Amino acid sequence: MRLSEADRFANDAAVYVHIPFCSAVCPYCDFAVVAGQDELVDRYVAAVRAEIERSEPWRPLDAVYFGGGTPSHIDPLLLGSILQSLETRHGIAYDAEISLEANPEDFDNDRARRLRSAGFNRVSFGAQSFDAAVLAGLGRRHGPRQIEESVEAAASAGFDNQSVDLIFGTPGESDESWQRSLQRAVATGVPHVSCYALTVERGTPLGRAVRGGALAPDPDVQAERYETAVTILDSSGLERYEVSNWARPGHECHYNLVVWAQGQFEAYGNGAHGFRDGVRYRNHRRVDAYVDRIETGRSPRAGLEPIRGWDAELDRLFVGLRRSVGVSPGPGTEALLASADGRSLVHAGIIGMEEGCLRVRNPLVTDAVHRSVLGLTPLSS
């Protein structure tokens, strides 16, 4: 994908819908999720539909992403009803990507067919690993074979666009285990694979365990695991198009491409974040607070942040430099390359101008580049 092609996604309209319900909350999870509260599902879906119906009409959506939580945990008919509300309020383009996250343990042939009938055409499986011991350490409720069965069920139902998410760096994971997970993910034939380093978040069971003396992920080991992913996935014909994402051409996640191009996206549900007309916003995180505000006719917004002028330029760099194609020149790239941090990054071979755009040459240190971007000030005129 060329930079000009990637930037065109900024013109597309996207929507994120948050489904917070899970059968269990994983010990490393810091998302706005709940378990054991399925009695709230019907009220929550009604609240999401009401939020959609009260929102300002937009234009036909090019990408819709149901994240969580575990969207596949609830009845496909309820998910389909949310899609119907989106269609009524905004419209959905005939060729739109309509994606949902799913867990292998609740994805069978029947559910796959029902989700496909509801309108979904892309599914992203939270596989995390193909090693049973690693899955147990991550608190996952599925086994390696269930991942493959879920992919097969999705393919049989007509999902020709699938993704498998993997997590690397779990204490106890070996080099060989990680290699096998990558190889088995590729062997499923899915056209998209995401790889994320296990992170320790405050307030999670994993965070408390590490503070209590449990082993934490080793950054050096995680760096080696990332390089292993690059080697195996690149050699399999998948192309890295973002720090953590690989895909066969034409199977990149459309919703994410909109976000990384600094495009606009609406967001619905508890804890959801959106960006419209130069303003970023977020909804209340707690499910009960979100539902109560909708049911009593109040706004679910918990915060608004205008992104304009110099802030918009820094935002363009922050999201755009995640992409393999990088970002086009502008005031922000000039300021970064002229700064002390920028010169050091160039000297170290971490960033550089290639084919007229600024790229991160070593994606392992993208976070360091982001820190340098956030500290930039405009060059004197």
Side-chain angles (χ1 to χ4, degrees), residues 1 26 28-31 65 67-68 99 101-104 122-135 137-140 142 144 147-148 150-151 161-201 206 216-249 251-253 255-257 259-260 319 321-325 359-370:
M1 183 178 295
C26 298
Y28 55 86
C29 180
D30 188 39
F31 297 142
Y65 192 97
S99 184
E101 295 176 347
N103 280 344
R122 183 180 184 273
V123 58
S124 178
F125 290 108
Q128 319 311 9
S129 175
F130 282 80
D131 184 314
V134 172
L135 287 170
L138 290 171
R140 304 297 292 179
H142 64 269
I147 303 169
E148 295 160 339
S150 296
V151 170
N161 198 358
Q162 300 186 50
S163 178
V164 164
D165 290 359
L166 300 174
I167 289 178
F168 58 88
T170 303
E173 174 190 72
S174 67
D175 291 343
E176 293 75 15
S177 166
W178 176 236
Q179 291 170 13
R180 286 195 298 272
S181 286
L182 290 164
Q183 290 162 350
R184 288 184 69 172
V186 169
T188 65
V190 296
H192 190 287
V193 175
S194 301
C195 298
Y196 303 103
L198 178 64
T199 57
V200 180
E201 303 288 354
L206 176 61
D218 185 322
D220 291 333
V221 170
Q222 289 185 322
E224 292 172 359
R225 300 276 158 79
Y226 182 86
E227 294 294 350
T228 299
V230 171
T231 299
I232 291 177
L233 296 177
D234 285 0
S235 65
S236 73
L238 297 169
E239 298 178 5
R240 187 180 66 82
Y241 68 101
E242 189 268 348
V243 175
S244 303
N245 289 274
W246 284 257
R248 299 193 189 283
H251 288 86
E252 300 86 356
C253 179
Y255 170 80
N256 283 340
L257 286 171
V259 174
W260 297 326
V319 296
L321 285 172
R322 295 187 61 87
R323 306 176 303 181
S324 298
V325 295
R359 293 176 177 167
V360 177
R361 291 170 170 165
N362 184 350
L364 271 173
V365 287
T366 301
D367 285 347
V369 178
H370 280 160

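Note that these values count all heavy atoms, side chains included, but never hydrogens, waters or copies made by symmetry. The first residue of the sequence shown is numbered 1, and numbering continues consecutively from there. As the structure is a prediction and not an experimental result, all values here were calculated from the model.
When atom types are taken as modelled, the side chain of H142 and the backbone of A127 share a donor-acceptor pair closer than 3.5 angstrom. Proximity of a side-chain donor or acceptor of E101 to a complementary backbone N or O of G126 within less than 3.5 Å is not detected. The main-chain N or O of C253 is found under 3.5 Å from a side-chain atom of Y241 such that the two form a donor-acceptor pair. Listed for the R140 side chain is no donor-acceptor partner under 3.5 Å among the backbone atoms of N103. The closest donor-acceptor contact from the side chain of T170 to the backbone of E173 lies at 3.5 Å or more, if one exists at all. Counting only distance, with no hydrogens or angles, the side chain of E252 and the backbone of A247 share no donor-acceptor pair below 3.5 Å.
Atom NE2 of H370 and atom CZ of R322 lie 6.0 Å apart (nearest 0.5 Å). Interatomic distance, CD of E224 versus CG of D218, reported as 8.0 Å (0.5 Å rounding). We find the OG-CZ distance between S129 and R180 to be 9.0 Å, quoted to the nearest 0.5 Å. Rounding to the nearest 0.5 Å gives a distance of 10.5 Å between CG of D30 and CG of L206. Between the CD1 atom of I167 and the OG atom of S181 there is a distance of 11.0 Å, given to the nearest 0.5 Å. A distance of 6.5 Å separates CG of L198 from CD of Q222, quoted to the nearest 0.5 Å.
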task = Begin with the C-alpha distance, continue with both residues' side-chain angles, and end with the deciding distance and a verdict on side chain to side chain contact (heavy atoms under 4.5 Å, CB included) for F130 and E148.
result = CA-CA 9 Å; F130 282 80; E148 295 160 339; 4.0 Å; yes

ask   = Between V243 and W260, does a side chain to side chain contact (heavy atoms under 4.5 Å, CB included) hold up when you go through it step by step?
value = CA-CA 11 Å; V243 175; W260 297 326; over 6 Å; no

request  = Could you walk me through whether C195 and L182 pass the side chain to side chain contact (heavy atoms under 4.5 Å, CB included) test, one step at a time?
outcome  = CA-CA 9 Å; C195 298; L182 290 164; 3.9 Å; yes

Test side chain to side chain contact (heavy atoms under 4.5 Å, CB included) applied to L364 and E227, step by step = CA-CA 9 Å; L364 271 173; E227 294 294 350; 3.2 Å; yes

request  = Show the numbers, then the answer: is there a side chain to side chain donor-acceptor pair (under 3.5 Å) between W246 and D234?
outcome  = CA-CA 8 Å; W246 284 257; D234 285 0; 3.0 Å; yes

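The minimum heavy-atom distance between T366 and L321, with the atom names listed, is CG2-O, 4.5 Å. Closest approach of R225 and W178 over heavy atoms only: O-NE1, 2.8 Å. Nearest heavy atoms, A185 versus L166: CB-CD1, 4.1 Å. The two residues S163 and S194 come nearest to each other via the heavy atoms OG-OG, 4.1 Å. Here the closest non-hydrogen pair linking P217 and P171 is N-CG, 4.1 Å. In terms of heavy atoms, N245 sits closest to E242 at ND2-OE1, 2.7 Å.
Two residues are said to be in side-chain contact when any heavy atoms from C-beta on lie closer than 4.5 Å; R240 and P363 meet this criterion. Using a 4.5 Å heavy-atom cutoff, the side chains of H192 and V164 are not in contact. Between P191 and N161 the shortest side-chain heavy-atom distance falls below 4.5 Å.
Screening V193, T188, V123 for a side-chain contact (heavy atoms from CB on, under 4.5 Å) with Q162, the sole residue that qualifies is V123.
Q128 and Y196 share no donor-acceptor pair across their side chains, judged by distance under 3.5 Å alone.
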